[in-house]
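The structure appears below as structure tokens.
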Amino acid sequence: MCIRDSYNTIDDKELNESKKPEAFKKLLFGFALFHAVLQDRRKFGPIGWNIPYEFTFEDFTVCKRQLKLLLDDYDDIPFKVLNYLGAEINYGGRVTDDKDVRLITTILKVYICPEALTDTYKFSASGTYYSPPSGEQADYINYIKELPLNPDPEVFGLHSNAEITNAQNQTRVLLETLLSVQPRSSTAAGKSREEMIGEIAENIQNRTTEPFNVEDVSKKYPTQYEESMNTVLVQEVIRYNRLLSVMKSSLIDVKKALKGEVVMSEELENLANSLYNNQVPKMWEAKGFLSLKPLASWIEDLNERIEFLTEWINKGTPVFFWISRFFFPQAFITGTLQNYARKHVIAIDRLGFDFVIRDDLTHQQVLDLKTKPADGCYIYGMFLEGARWDESRHVLGESRPKELFTNVPLIHLVPISDRKAPTSGIYNCPIYKVLSRAGTLSTTGHSTNFVMFMELPSSNPEDEWIRAGVAMFLALRY
């Protein structure tokens with residue numbers, strides 16, 4: 001970590017010129033370690049930061065100057081002010097994602113706190129990183145030299161599995177780079193590149209269903225005041241139809257272009273290259289659902305989504321919903337609240353969800369459910385990263401080694417009027433569509449990736465799960 005660089009710019013005079021030299025040295029080391037942790041979390045990808053921010057040494061310098069100023073001007077150490085200035089302004093000023101704002105605030109509380117003034121205070125569970133005794137600049141440099149060159153994830157508050165995630169990220173970047181520079185010329189032996197692309201296009205075309213008949217669906221599921229799910233279904237059908245139509249026409253065109261029957265435009269050439277490289281074409285991504293899957297897995301995922309909607313159309317509204325099959329899950333969640341609001345004649349703004357984890361049901365018992373809940377809905381199909389659901393204790397638990405993702409049990413979303421959210425015993429877990437976590441604000445006012453927060457029971461402090469980057473996802477990479 002870059003903590004040594006921070007102390008190379010500090011001399012003994014600067015360390016001792018504060019009116020409270022002992023406290024200044026202790027808290028300055030906390031800021032230095034905080035700065036290093038923020039920088040190094042980026043290597044873990046989205047589980048480290050939703051967005052990889054470019055924190056600078058000037059951020060640390062400003063915190064150092066403010067620390068001296070506040071210690072000299074106040075009799076009592078203003079820890080709350082130091083945390084606010086450091087996490088919300090100096091470093092936090094460049095943090096744009098609200099989940100990252102929550103994270104950076106939680107991280108700094110570990111390093112700038114009254115306990116950090118003692119020599120026995122440990123910054124990590126292993127005790128490798130602790131608050132060293134107050135000394136001179138050389139003493140801090142010697143301590144820093146003893147720290148591991150490659151720090152374990154535990155100093156960042158992450159599970160050891162995060163190291164596997166880091167290795168996977170580096171490997172994926174390497175392979176994607178190699179793929180981008182591979183030759184595109186055909187070899188003398190075997191099938192030509194054009195023949196392989198043609199076969200892939202033909203195969204995908206055969207596996208892709210025809211667009212839905214929106215008019216028939218609208219007649220069977222008309223807009224009804226008491227059933228918002230009809231509107232949700234029709235909207236989903238329209239969105240998937242846009243994608244299916246683009247896929248159908250583009251596959252026909254690229255096959256013609258390969259045979260020389262039409263001009264191979266730049267758009268069709270990019271489509272052909274993506275098919276050959278097992279990547280989702282950009283023109284499909286523009287009309288499709290958010291996904292990080294390679295093309296083969298993406299086609300399977302698309303077919304499962306279409307099958308989910310087809311079963312809904314043919315058999316009626318499901319008893320439980322596979323939430324990861326929705327193109328726009330936020331509309332489904334709003335529809336659930338709207339149904340309750342209209343049924344009980346309550347303003348929808350007064351409603352919130354209670355989250356009941358049905359870990360008492362086995363997989364077969366879930367499949368055997370025949371009736372919908374009186375209020376709310378059952379959802380399933382989510383994955384948990386950074387932690388696991390402990391079914392024996394009915395709370396969040398630490399991940400098992402080498403188990404990066406775990407399935408989440410069936411959850412009952414129960415709308416409640418004027419609900420007061422619990423302040424302890426839970427973790428407000430963010431739910432994202434895909435593992436990249438970061439998203440942009442769409443025209444609907446919703447994030448393209450973030451779905452909602454879900455309260456998960458926890459016997460551990462919420463700050464531990466925030467630092468561990470615990471989150472739920474509707475889809476994985478493969």
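In what follows, residues are counted from 1 in the order of the sequence shown.
The existence of a salt bridge linking R437 and D97 is excluded, since no basic side-chain nitrogen approaches an acidic carboxylate oxygen closer than 4.0 Å. Between R102 and D98 there is no salt bridge, since no side-chain nitrogen of the basic residue lies less than 4.0 Å from a carboxylate oxygen of the acidic one. With respect to the salt-bridge test (charged N to carboxylate O, under 4.0 angstrom), the residues R94 and E54 do not qualify.
Taking the six-membered ring where the residue is Trp, Y240 and F289 present tilted rings, their angle falling between 30° and 60°. A tilted orientation is assigned to the rings of F321 and F332, their planes being inclined by 30° to 60°.
Ring centroid separation for the pair F320 and Y380 comes in under the 6.0 Å cut-off.
When atom types are taken as modelled, the side chain of N449 and the backbone of V434 share a donor-acceptor pair closer than 3.5 angstrom. Formation of a donor-acceptor pair under 3.5 Å by the E462 side chain with backbone atoms of N428 is found in this model. Under the 3.5 Å distance criterion, the side-chain polar atoms of N230 are left unmatched by any main-chain donor or acceptor of T223. Of the possible donor and acceptor atoms, one in the side chain of S249 sits under 3.5 Å from a partner among the backbone N and O of V246. Without hydrogens or angle criteria, Y91 side chain to F60 main chain gives a donor-acceptor distance under 3.5 Å. In terms of modelled atom types and a separation under 3.5 Å, the side chain of S124 and the main chain of V155 share no donor-acceptor contact. Under a 3.5 Å cut-off, the side chain of D59 and the backbone N or O of F55 do not form any donor-acceptor pair. Not one N or O on the side chain of E285 forms a donor-acceptor pair closer than 3.5 Å with the backbone of K282. Checking side-chain atoms of S297 against main-chain N and O of K293 turns up no donor-acceptor pair under 3.5 Å. Of the possible polar contacts, none joining the H412 side chain to the V356 backbone as a donor-acceptor pair under 3.5 Å is found.
Between L309 and F212, the shortest heavy-atom distance links the atoms CB-CZ, 4.0 Å. Residues G48 and R41 approach most closely at O-NE, 3.0 Å, considering heavy atoms. K287 and F327 get closest at one heavy-atom pair: O-CZ, 3.4 Å. In this structure, S399 and N161 approach most closely via the heavy-atom pair CB-ND2, 3.8 Å. Heavy-atom minimum distance, P329 versus K433: CD-CE, 3.7 Å. Scanning all heavy atoms of the two residues, the minimum distance from E154 to A125 falls at OE1-N, 3.4 Å.
Residues meeting the salt bridge (Lys or Arg N to Asp or Glu O under 4.0 Å) test with K220, sequence neighbours left out: none. In this structure, E300 has no salt bridge (Lys or Arg N to Asp or Glu O under 4.0 Å) partners at least two apart in sequence or on a different chain.
Distance check: I411 CD1 to I357 CD1 gives 4.0 Å after rounding to the nearest 0.5 Å. Separation of atoms CG (L258) and CE (M196) is listed at 12.5 Å; rounding is to 0.5 Å. Separation of atoms CG (N90) and NE2 (H35) is listed at 12.0 Å; rounding is to 0.5 Å. Rounding to the nearest 0.5 Å places NZ of K99 at 4.5 Å from OH of Y432. Taking CG of L384 as the reference point, atom CE of M454 lies at 10.5 Å (rounded to 0.5 Å). Put simply, CD1 on I3 and CG on L33 are 4.5 Å apart, with the number rounded to the nearest 0.5 Å.
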Worksheet entry | side-chain hydrogen bond (donor to acceptor under 3.5 Å, both in side chains) between W465 and S458, intermediate numbers included | CA-CA 9 Å; W465 303 123; S458 169; 2.7 Å; yes

Practice prompt. Give the C-alpha distance, both sets of side-chain angles, the deciding distance and a yes or no for side-chain contact (heavy atoms from CB on, under 4.5 Å) between I204 and I299.
Written response: CA-CA 8 Å; I204 293 176; I299 293 295; 3.8 Å; yes

Item to complete: Could you give me the CA-CA distance, side-chain angles and deciding distance for N407 and R388, then say whether side-chain hydrogen bond (donor to acceptor under 3.5 Å, both in side chains) is met?
Response: CA-CA 8 Å; N407 293 318; R388 65 182 176 88; over 6 Å; no

Worksheet item: Please walk me through it: do W284 and S250 pass side-chain hydrogen bond (donor to acceptor under 3.5 Å, both in side chains)?
Response: CA-CA 9 Å; W284 297 359; S250 61; 2.9 Å; yes

Item to complete: Applying side-chain contact (heavy atoms from CB on, under 4.5 Å), run through E227 and Y221 and close with a yes or a no.
Response: CA-CA 9 Å; E227 185 50 270; Y221 295 90; over 6 Å; no

Discussion item. Applying salt bridge (Lys or Arg N to Asp or Glu O under 4.0 Å) to R358 and D360, what does each step give before you reach the verdict?
Written reply: CA-CA 5 Å; R358 295 301 307 270; D360 57 311; 3.0 Å; yes

Practice prompt. Go through the steps for S274 and L295 under the test side-chain contact (heavy atoms from CB on, under 4.5 Å), then give the verdict.
Written response: CA-CA 8 Å; S274 296; L295 181 59; over 6 Å; no

Worksheet entry | From CA spacing to verdict: side-chain contact (heavy atoms from CB on, under 4.5 Å), Q235, F328 | CA-CA 9 Å; Q235 290 176 348; F328 188 54; 5.8 Å; no

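With 3.5 Å as the limit, one finds a donor-acceptor pair spanning the side chains of D368 and Q364.
For K248, the NZ atom counts as loosely surrounded, since its 6.0 Å shell holds 12 or fewer non-hydrogen atoms of other residues, nucleotides or ligands. The 12-atom threshold is not exceeded at CD of E215, counting heavy atoms of other residues, nucleotides or ligands nearer than 6.0 Å. Residue F383 places its CZ atom among more than 12 non-hydrogen atoms of other residues, nucleotides or ligands, all under 6.0 Å distant.
Judged as a ring pair (Phe, Tyr, Trp, His ring centres under 6.0 Å), the pairs with a partner in residues 344-369 (not counting sequence neighbours) are, in order, Y340-H344. Residue pairs meeting the salt bridge (charged side-chain N to carboxylate O under 4.0 Å, His left out) criterion with at least one member in residues 253-267, sequence neighbours excluded: E202-K255. Among pairs with a residue in residues 463-478, those fulfilling salt bridge (charged side-chain N to carboxylate O under 4.0 Å, His left out) read K109-D463, at least two apart in sequence or across chains. Within the structure, every pair that satisfies the salt bridge (charged side-chain N to carboxylate O under 4.0 Å, His left out) test and touches residues 393-411, not counting sequence neighbours, is listed here: D390-R393, R400-E403.
Of the candidates F34, W49, F44, F156 forms a ring pair (Phe, Tyr, Trp, His ring centres under 6.0 Å) with just one, namely F44.
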